[in-house]
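Down below is the structure, laid out as structure tokens.
When reading the values below, keep in mind they use all heavy atoms of this one structure, side chains included, and skip hydrogens, waters and symmetry mates. Note that the numbering runs from 1 along the sequence shown for the chain. Note that the structure is predicted; figures quoted are calculated from it, not measured.
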Amino acid sequence: MKRNITYSIFLGVVIFIIYGFQNPETLQEKKKFVVVLDAGHGGHDSGNRGNGYEEKTISLNVVLSVGKALEKDPRFKVVYTRKTDDFIELHERGSIANKAGADLFVSVHCNSHRSQAYGTETFVLGLHANDENFNVAKNENSVILLEDNYEANYDGFDPNSPESIIGLTLMQEEYLDQSLTLASFVQNRFKKTLSRKSRGVKQAGFVVLHQTYMPSVLIELGFLTNNKEGKFLNSKKGQAEMAKSIVTSIIDYKESLDAIYYVPKTETPKVVETKTPKIEGGQVYEDVVFKVQIAAGSTDIELQPFNFNGLDQLSKIKSGDLYKYYFGSTSNYTLIQELKEIATGKGYDSSFIAAFRNNEAIPLTEALKANISSN
């Protein structure tokens, strides 16, 4: 009995020594949200050189600015795939993120086109929906041809082959929802804050996204080949504004995962009933239900107006470990657009319209192709 007591005391002392005297900074570091920032191209790979501008330089400047801002926030730890003008192979970029145990991977690029096309777009990994998406991915993936022994590193992947793209999508499938959420935040912020033309959230087969095991997005800041947009992106002002917008989007994304809703403890929250706008007629889509997604996070929150800035008409869906929170429910697309404006006015700047058929989520573009009837 005495031996057991002595052993227990000894074990307790050992545990205290191991955990009690750990560096507080080390413990704090483990709690931080790890963001890996990836500046596209670099070194002898300049990326596209539309109008004589260098994609590798612009993407690096924006990434460094994003990282500098996030590093000031104690909730974040920032890891870079490159901080200087170096050539980093695509598989190494993914490896850096995986080794860092990243919560998020953000790759920054600039677009090009033979026309005066312009606007921002954010990609997540997926099958290209059209030739345009494939060509964007093809251009970014072609960097592997500059790497030594690329066939061994990428198991025979051919950046010019649509068939090779299909094999890329499976690994990232479980992170698709989170990746789409961040991509929506990025595009909405570019459009609302900077009044940039949004070309939308898209899916395509990017090797650099395939190599990562966490929510990942690839941001195309705009087209260097467009005379006006290229000049904007090559300027210090343009780079600073784009970086600030990305920072805000990453913070919004992190807070949506945490489902942080601040309610002052010293006051009773004021609940304001949401009045549904009266819509005469409008576009009604049979067999489709529209909702406004206002948040997503790992925390199960009670559907009460005081938890959601006074909004009512609430619902939620659990998908894996993620809870998605919705405002409103209607087949009237005109009405759901009005409800989205209400959600924005309540502080949900990154809210977006989601569509469902038979209680299953479907792409909004697919829903809008449905037959339209009139009230």
Side-chain angles (χ1 to χ4, degrees), residues 33 103-106 122-126 169 172-189 191-192 200-203 214-217 248-263 274 276 285 287-333 335-368 370:
F33 190 83
D103 297 291
L104 199 61
F105 179 84
V106 179
T122 301
F123 286 88
V124 300
L125 186 64
T169 61
Q172 269 281 325
E173 190 171 350
E174 64 178 294
Y175 304 111
L176 181 59
D177 280 347
Q178 294 98 316
S179 299
L180 286 170
T181 298
L182 173 61
S184 297
F185 284 3
V186 170
Q187 286 303 119
N188 289 340
R189 184 63 60 176
K191 182 178 181 180
K192 180 175 181 180
V201 174
K202 301 180 179 181
Q203 290 183 262
M214 72 282 305
S216 305
V217 300
T248 304
S249 300
I250 292 174
I251 292 174
D252 287 346
Y253 171 80
K254 190 237 186 294
E255 292 183 348
S256 76
L257 289 183
D258 294 340
I260 296 175
Y261 300 99
Y262 174 69
V263 178
T274 304
T276 302
Y285 290 73
D287 302 323
V288 175
V289 173
F290 299 106
K291 299 182 179 183
V292 180
Q293 183 169 330
I294 54 176
S298 56
T299 303
D300 185 3
I301 298 176
E302 186 179 3
L303 297 180
Q304 295 293 337
F306 56 77
N307 284 331
F308 295 90
N309 297 342
L311 292 177
D312 54 10
Q313 306 174 46
L314 301 165
S315 61
K316 63 183 171 184
I317 296 174
K318 186 177 182 183
S319 175
D321 294 329
L322 193 68
Y323 291 92
K324 297 179 181 179
Y325 297 91
Y326 300 94
F327 166 55
S329 179
T330 178
S331 293
N332 190 321
Y333 188 65
L335 173 58
I336 203 65
Q337 290 177 305
E338 293 291 331
L339 293 179
K340 182 182 180 300
E341 291 300 315
I342 291 175
T344 301
K346 292 288 187 178
Y348 294 99
D349 294 342
S350 299
S351 61
F352 58 92
I353 297 172
F356 299 84
R357 179 180 289 124
N358 297 326
N359 295 319
E360 294 290 333
I362 61 173
L364 183 60
T365 52
E366 178 183 327
L368 296 180

**S179 side chain to V217 backbone, donor-acceptor under 3.5 Å** =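 Pair absent, no side-chain N/O of S179 close to backbone of V217.
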**Message:** For T122, is there any backbone N or O sitting under 3.5 Å from a side-chain donor or acceptor partner on Q187?
**Reply:**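 Between the backbone of T122 and the side chain of Q187 there is a qualifying donor-acceptor contact (under 3.5 Å).
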Could you state the interatomic distance from [atom1] ([X]) to [atom2] ([Y]), rounded to the nearest 0.5 Å?
X	Y	atom1	atom2	answer
K324	S315	NZ	OG	12.0 Å
I317	E360	CD1	CD	9.0 Å
Y323	I301	OH	CD1	10.5 Å
I336	I353	CD1	CD1	6.0 Å
K291	S351	NZ	OG	15.0 Å
K192	T344	NZ	OG1	5.5 Å

**Item:** Cation-aromatic face contact K346/F308, 6.0 Å, 45 degrees
**Value:**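 Verdict for F308: no cation-pi partner in K346.
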**Prompt:** Could you go step by step and tell me if Y325 and L314 meet the side chain to side chain contact (heavy atoms under 4.5 Å, CB included) rule?
**Reply:** CA-CA 7 Å; Y325 297 91; L314 301 165; over 6 Å; no
Non-hydrogen atoms of [X] and [Y] that approach each other most closely:
X	Y	value
A343	V292	CB-CG1, 4.1 Å
R357	D287	CG-O, 3.3 Å
F352	S184	CD2-CB, 4.2 Å
D252	R189	OD2-NH2, 2.9 Å
F327	I294	CB-CG2, 4.0 Å
V288	A367	CG1-CB, 3.8 Å

**Asked** Going through the distances and angles, do I342 and L311 end up as a side chain to side chain contact (heavy atoms under 4.5 Å, CB included)?
**Response** CA-CA 9 Å; I342 291 175; L311 292 177; 4.0 Å; yes
**L182/V106 under side chain to side chain contact (heavy atoms under 4.5 Å, CB included): CA gap, chis, key distance, verdict** = CA-CA 10 Å; L182 173 61; V106 179; 4.2 Å; yes
**Asked** Thinking salt bridges, do D103 and K254 make one under a 4.0 Å N-O criterion?
**Response**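 Judged by the 4.0 Å cut-off on N to carboxylate O distance, D103 and K254 do not form a salt bridge.
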**Asked** Mind checking whether F290 and L368 have side chains closer than 4.5 Å, heavy atoms only?
**Response**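 Yes - at least one pair of side-chain heavy atoms lies under 4.5 Å apart.
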**Audit row: K318, D300, salt bridge (Lys or Arg N to Asp or Glu O under 4.0 Å) steps and yes/no** = CA-CA 9 Å; K318 186 177 182 183; D300 185 3; over 6 Å; no
**Request:** For residues Y326 and F356, establish whether the separation of their ring centroids is below 6.0 Å.
**Result:**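 Ring-ring flag for Y326/F356: true, centres closer than 6.0 Å.
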**Request:** Could you give me the CA-CA distance, side-chain angles and deciding distance for Y348 and Q293, then say whether side chain to side chain contact (heavy atoms under 4.5 Å, CB included) is met?
**Result:** CA-CA 9 Å; Y348 294 99; Q293 183 169 330; over 6 Å; no
